[in-house]
Amino acid sequence: MITLHGFAASNYYNLVKHVLLYKELPFKEHLICGGSDELLAMSPAGKVPVITTSQGVNISESSVICDYIEESYPDIPLYPKNSTERAAVRQIMKIAELYFELPSRRLIPYAFSGTNAPESLKNEVRQVLTHGVTALSRLCKFSPWIAGEQFTMADIYVYHVNTIVNAFGASQLNWDVLGDVPGMKQWNDTMRQSAIAQKVEVDRLANMPEFMQKVTAQIQAANAEL
């Protein structure tokens with residue numbers, strides 16, 4: 001059985017969890033914080049998530065984990081059979097990562113500390129997000145799923161990317177980013193209403209107080225050193 005290591009407040013953790021649930025695979029969860037010695041023993045960079053396979057092998061990095069799961073458990077596929085269509089799915093995922101999630105992550109420290117990001121940083125993030133909006137508007141089909149008729153890994157991936165965009169990018173910039181991609185908000189709402197997404201969200205909210213306590217302690221410790 002697969003063991004999923006990490007914490008439920010992480011969208012990367014929830015992405016992998018969503019894939020495991022969608023594929024109806026048995027797994028157990030091990031809640032553990034990022035950067036701990038225990039995690040470093042499993043993850044070279046000390047990042048979550050990590051899985052331990054049924055063979056006892058540790059694998060880190062969410063995209064690598066998802067590829068491993070897809071290749072090892074293909075019965076419920078999350079990629080099209082056609083190589084060109086698979087590339088289109090991966091292209092959407094990569095664009096969302098580079099131009100939606102990563103710039104939004106730059107605003108996380110300010111959101112957690114209750115402060116406003118500098119205008120110069122906001123402008124940089126807004127510029128990158130604008131590229132993401134343009135690219136995803138061209139690539140996404142939402143007919144009904146993000147890459148077309150088939151539900152794919154891109155649907156799960158971008159849905160969990162959007163949690164970061166909404167929580168940090170949109171809130172810090174006072175910008176409804178998803179609303180600027182035609183069809184994305186409606187699709188995102190459909191994804192949110194699925195039984196799997198609702199279960200993942202319940203678990204995320206349950207883990208959030210413990211996560212925020214640790215984040216607050218880290219911020220206080222950093223401020224004390226100044």
Side-chain angles (χ1 to χ4, degrees), residues 1-81 83 85-87 89-94 96-97 101-102 105 145-147 150-164 167 188 190-211 214-215:
M1 180 183 293
I2 291 173
T3 301
L4 175 59
H5 309 273
F7 50 90
S10 163
N11 70 310
Y12 287 126
Y13 179 92
N14 290 332
L15 159 66
V16 173
K17 183 175 178 177
H18 198 137
V19 170
L20 290 167
L21 290 168
Y22 183 81
K23 284 180 169 284
E24 301 176 0
L25 298 174
F27 69 98
K28 57 184 178 180
E29 297 182 70
H30 174 214
L31 295 181
I32 182 173
C33 290
S36 66
D37 290 340
E38 184 181 6
L39 184 63
L40 282 166
M42 297 182 286
S43 169
K47 295 166 56 181
V48 299
V50 181
I51 65 165
T52 302
T53 69
S54 56
Q55 293 79 31
V57 178
N58 295 322
I59 302 174
S60 60
E61 299 296 335
S62 57
S63 60
V64 177
I65 294 170
C66 288
D67 283 346
Y68 165 80
I69 294 170
E70 177 70 11
E71 292 171 5
S72 301
Y73 305 94
D75 289 348
I76 302 178
L78 277 168
Y79 283 102
K81 292 181 179 179
S83 60
E85 293 175 357
R86 287 199 303 273
V89 168
R90 290 191 171 101
Q91 183 176 217
I92 291 172
M93 293 163 61
K94 179 57 70 173
E97 176 190 7
E101 180 174 29
L102 293 183
R105 279 188 173 274
W145 302 113
I146 200 166
Q150 181 181 344
F151 184 90
T152 67
M153 189 71 77
D155 289 283
I156 299 175
Y157 194 93
V158 178
Y159 175 71
H160 290 285
V161 161
N162 285 349
T163 63
I164 298 299
N188 207 70
T190 299
M191 288 292 297
R192 186 184 298 112
Q193 292 165 15
S194 73
I196 292 176
Q198 289 180 14
K199 172 176 172 47
V200 171
E201 177 66 5
V202 167
D203 293 345
R204 185 188 74 83
L205 292 175
N207 184 233
M208 189 58 72
E210 179 183 354
F211 174 72
K214 293 182 182 299
V215 169

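All values below were derived from every heavy atom in this structure, side-chain atoms included, with hydrogens, water molecules and symmetry-related copies excluded.
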Task: side chain to side chain donor-acceptor pair (under 3.5 Å) between Asn162 and Arg192, worked out - done: CA-CA 11 Å; Asn162 285 349; Arg192 186 184 298 112; over 6 Å; no
Task: Audit row: Tyr68, Thr53, side chain to side chain contact (heavy atoms under 4.5 Å, CB included) steps and yes/no - done: CA-CA 10 Å; Tyr68 165 80; Thr53 69; 3.4 Å; yes
- [ ] Please assess Val19 against Tyr157 for the test side chain to side chain contact (heavy atoms under 4.5 Å, CB included), listing each intermediate value before the final yes or no.
- [x] CA-CA 9 Å; Val19 170; Tyr157 194 93; over 6 Å; no
- [ ] For Thr52 and His30, run side chain to side chain contact (heavy atoms under 4.5 Å, CB included): C-alpha distance rounded to whole Å, both residues' side-chain angles, the deciding distance at 0.1 Å, then the answer.
- [x] CA-CA 10 Å; Thr52 302; His30 174 214; over 6 Å; no
Task: Residues Tyr79, Asp67; criterion side chain to side chain contact (heavy atoms under 4.5 Å, CB included); working and verdict - done: CA-CA 10 Å; Tyr79 283 102; Asp67 283 346; 3.7 Å; yes
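Taking each heavy atom of Leu39 and Gly46 in turn, the nearest pair found is CD2-O, 3.2 Å. Here the closest non-hydrogen pair linking Pro80 and Thr152 is CD-CG2, 4.3 Å. The two residues Leu31 and Phe7 make their nearest non-hydrogen contact at CD2-CA, 4.0 Å. Between Leu20 and Ile69, the closest heavy-atom pair is CD2-CD1, 3.6 Å. For Ala41 against Asn58, the heavy-atom pair with the smallest separation is O-ND2, 4.4 Å. Closest non-hydrogen pair, Glu29 versus Asp203, comes out as OE2-OD2, 4.4 Å.
Taking CD of Gln198 as the reference point, atom CD of Glu201 lies at 9.5 Å (rounded to 0.5 Å). Residue Tyr22 holds its OH atom at 10.0 Å from OG of Ser194, rounded to the nearest 0.5 Å. How far CD1 of Ile146 is from CG of Asn188: 8.5 Å, rounded to the nearest 0.5 Å. One distance of note links NE2 of His18 with CE of Met153; it measures 10.5 Å at 0.5 Å rounding. Rounded to the nearest 0.5 angstrom, Leu15 CG and Thr163 OG1 are separated by 9.5 Å. Separating the CG atom in Asn11 from the CD1 atom in Ile164 is a distance of 4.0 Å, to the nearest 0.5 Å.
The residue from Lys17, Glu101, His160 that alone fulfils the side-chain contact (heavy atoms from CB on, under 4.5 Å) condition with Tyr12 is Glu101.
Summarising the local packing, NZ of Lys23 is surrounded by more than 12 heavy atoms from other residues, nucleotides or ligands at distances under 6.0 Å.
The closest side-chain heavy-atom distance from Phe151 to Met191 is below 4.5 Å.
The backbone N or O of Ala9 lies less than 3.5 Å from no partner atom in the side chain of Asn14, so there is not a single donor-acceptor pair.
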